[in-house]
Amino acid sequence: MRASVILVTACGGSSSNIVGGANGAGTESPNTSPSSSTAPIIFNAPQSAQAGDIIYLQGENFGPAPAVVMQSSGSNPERRLRIVNHVGDWLAAEIPADAGPALAVRVVSGALSSATVSLNAPIIYNFDSIATAPGGAFRIFGRNLMLASYTPRVDVDGVAASVDLAASGPEMLVVRAPSNLTQKQAVAVRVDNGGGLAPATADQTIEIVAGAGHNIFGGEAGWLDLFAPLLGRIAQVDCSGNRSASQAIQTQADALARSGGGMISLSAGVCTLDSSIVLPSNIVLQGAGQNATQLLYRSDYPLSAIQKQVIAIRDLTLTNAGASEGPILHKSRFLLLQNVTMNFGTQRQSFFDGNENTLVTGCTFNQTGSMNQQSPYLFSDSNGLIFQNNVTRLVMGAAAFERTRNSYIGKNLFRRDASRQDEAGALHMMTVDFASGIAIIGNVFDTVNGPITNRTRNDGEAILTEGGGAIRTESIGTVEAADANSITDSRFSAKLGPFSQLPGNYGIAIVAGRGAGQTRSVRSANGSVLTVDHPWNSIPDATSKYAAFVWGLQKALIKDNVFSQMPRGVWLYQTAIRHVLISGNHFLESGGVYLRSYQNLDTGMFDPIYDVDILDNEVKNLTLSWPSYLTSMFVNADARAFGIAMMGIRFRDNSITAHNPPFTPNSEEYAGNEGYFAMMRVENNTRYEPMTVPRVLGTIFQRNSCTDCDVAYRIGTGSGGTVISAARTSGRGEFFEDWRTTASAEKAANTVIE
């Protein structure tokens, strides 16, 4: 018999309305959903689930006593799931422990049923390249790409590709394109995980370039075949005797370009670069070895490639000998940096940004100082970036991968030199603001010359997205009119922040009123009309409030990384976020995971965070340096919440080891306490007005452990429908506290502990 304790505060009951009303920000009103004769609609469900998991479903018309039915599969009949918690049009249900991997469910209210939603259908987030050759390699990232006991199939332009099953898993397929493809600008890629659920077609296409799977330069990207025709034309440049080589390299590069391109072979030795070398397209700059050929640059932009294509720099070392600017590779296509060391010394950031199809592998980037407190490099605005097996040593700024799409950052070392921790400036080990389709897998983030003892810097995040910092993209409003594919608001004005035009990851969320919980990408913003990428499940109306923004992070995998001696771990801070998996990471003396949504109506900010899985992570801090936490926090600067700020946050199978005795630094904002959190914090208590509407809706904590936590679970004001299931605690401390985080008596509502 399963023992359950249901805690219901005075602020709400199981039939609470979970959406705001029509008369102001977050105002409660009668349920504005369609009549009870309308069938249930599911807006949100987990992107992935396993047997024994507690899942959430959110939508409309669930009714007072909904049921969840799991569809039949194989010889298994339909089954009704146990309802764990229910708040309005949100519920939590438990998948049976003996369920198979192909899962699909529907909500039944009375005699009416929703459409079936698949929980383990394949979902494609991104590729690591947006081009390959016939027979060429590429990776596909996402969720449920591979299921136990099933064999996935990948089609490229309708032809079956080969999948390396041993190197693949649920979140990554390693694929080799069919060898009989022909060159095309854009072809479709489809994945079927074999589980009998709907296959997925990527929302981006891939280019097929010339080649035949030649495995050029190690073959980490299929488009490397483009270099094959260049290797038969070779020009030599002598680097013995510490000679000046800028003019010789430029002359050979220009001559090769006139004949269709080729390779410049640099001998072992030391060459000095006294002027900028402008690399034309179709050039390979090849040294005799990473430690054998040394290029000392005294000139700014020693190597430059702007709006070029098919350029490789390999097997050499570039060392700053007095310049203030490093190499620049900008707005180009098909770039390879392989086995290159860049000793930046003290200079401004190097620009490797705005490129398409870039492979950086086996490289070392050394920053020992910084001009104007800048980063060592920018790989921002990349599309189709593979950054793997590299070493980055930095003292200031960040390894910057902002606004990237289709990017894979894997098996790298990012190392901070803590001997410079008291210098002015800010250091974030990696920044990924506005990234969409990014896989950060198997990296190590650590510190030398530590430990870090400076707690006054307000920095040190290992992985950070913060929505552009002070340069914001958020707009909020109330729907005046809508149809199946758009909304209209005469007061709407798009804020684009660092973007010159509406980016592809501009988004919108209906956060209150009819249709609350729906998110879409915005395909166009024509005056007062925002057109979305696919139809609304429930068309918004005059009760509906929306937030529009550039997604600060979406379609992201942060997986199997190790963080050591980092002041802060993964901070997804004050920006709109959806579809993020944070899994299998180890935070060792490195804080933890901090999700922070934010509202400030005076500046038009409302940042929803929907659908984030925080699974199987280890958080262990024992040196009284940084606290241990896994936290979801909505920070509200206003009297009333504008809508649902956080929803679909699942913490499962994580372990936290806290300090003994307790450790609560005052420097880590609302991540200063140890343990698990789900609540709202109010920054203007004098104006706050209590509400019954959940703002942090349906957080699920399942099978987590907390060792020596002063309080294992802190759930508080603004949270509704929280589930804490199969929790494990040991050592000292309390299991649970319901916090009052405002000047009112309001605490959490509808919390279930079992």
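Computed from a prediction, not measured in an experiment: that's the story for all the values here.
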Applying ring pair (Phe, Tyr, Trp, His ring centres under 6.0 Å) between Phe434 and each of Phe401, Tyr506, Phe499, report the one that passes. Phe499

Which distance, rounded to the nearest 0.5 Å, do you find between the [atom1] of [X] and the [atom2] of [Y]?
X	Y	atom1	atom2	result
Gln252	Leu266	CD	CG	10.0 Å
Ile558	Ser583	CD1	OG	11.0 Å
Met430	Thr392	CE	OG1	8.0 Å
Asn355	Gln307	CG	CD	10.5 Å
Asp225	Thr132	CG	OG1	8.0 Å
Cys239	Arg243	SG	CZ	8.0 Å

Could you check whether any side-chain N or O of [X] sits under 3.5 Å from a backbone N or O of [Y], counting only pairs where one atom can act as donor and the other as acceptor?
X	Y	value
Asp459	Leu427	yes
Arg568	Leu464	no
Asn443	Leu413	no
Gln565	Asp446	no
Asn389	Gly362	no
Lys559	Leu557	no
Ser590	Ser564	yes
Asp164	Ala166	yes

Do Arg416 and Phe445 form a cation-pi contact, if we require the NZ or CZ to be under 6.0 Å from the six-membered ring centre and within 45 degrees of the ring's axis? no

Test: Asp192 and Arg153 ion pair at under 4.0 Å: no

Closest heavy-atom pair and its distance - [X], [Y]:
X	Y	value
Pro327	Phe344	CD-CE2, 4.4 Å
Ser370	Gln373	OG-C, 3.2 Å
Ser332	Ala305	OG-O, 3.4 Å
Ser276	Ser299	N-OG, 3.4 Å
Arg298	Ala321	CG-O, 3.9 Å
Thr431	Ala400	OG1-CA, 3.5 Å

Between [Y] and [X], is there a side-chain donor-acceptor contact under 3.5 Å, judged purely by atom types and distance?
X	Y	answer
Asn343	Thr319	yes
Gln374	Arg348	no
Ser246	Gln250	no
Asn193	Asn144	no
His586	Asn617	no
His579	Gln554	no
Asp238	Ser240	yes
Tyr297	Glu325	no
Asp315	Gln286	yes
Arg393	Asn366	yes
Ser244	Asp274	yes
Thr293	Gln290	no

Side chain to side chain, [X] and [Y], heavy atoms closer than 4.5 Å:
X	Y	answer
Thr404	Glu402	no
Leu337	Leu329	yes
Leu181	Val156	yes
Glu356	Ile130	yes
Leu553	Thr575	no
Leu496	Leu502	yes

Partners meeting salt bridge (charged side-chain N to carboxylate O under 4.0 Å, His left out) with Arg139 (sequence neighbours left out): Asp128, Glu220

Would a line drawn from the ring center of Phe379 to the ring center of Phe387 be shorter than 6.0 Å? yes

Taking the six-membered ring for Trp and the single ring otherwise, decide whether the centroids of Phe563 and Phe587 are under 6.0 Å apart. yes

Step by step, would you call Met371 with Thr346 a side chain to side chain contact (heavy atoms under 4.5 Å, CB included)? CA-CA 6 Å; Met371 291 184 175; Thr346 299; 4.2 Å; yes

Which is it for Leu394 and Ser375 under the side chain to side chain contact (heavy atoms under 4.5 Å, CB included) test, yes or no, and what are the steps along the way? CA-CA 8 Å; Leu394 69 164; Ser375 301; over 6 Å; no

For residues 176-186, which residue pairs pass the salt bridge (Lys or Arg N to Asp or Glu O under 4.0 Å) check, not counting sequence neighbours? Asp157-Lys184

Test side-chain hydrogen bond (donor to acceptor under 3.5 Å, both in side chains) on Asn126 and Asn406; report intermediate values, then the result. CA-CA 5 Å; Asn126 62 283; Asn406 293 300; 4.8 Å; no

Can you tell which of Asn561, Asp613, Leu615, Leu572 makes a side-chain contact (heavy atoms from CB on, under 4.5 Å) with Ile582? Leu572

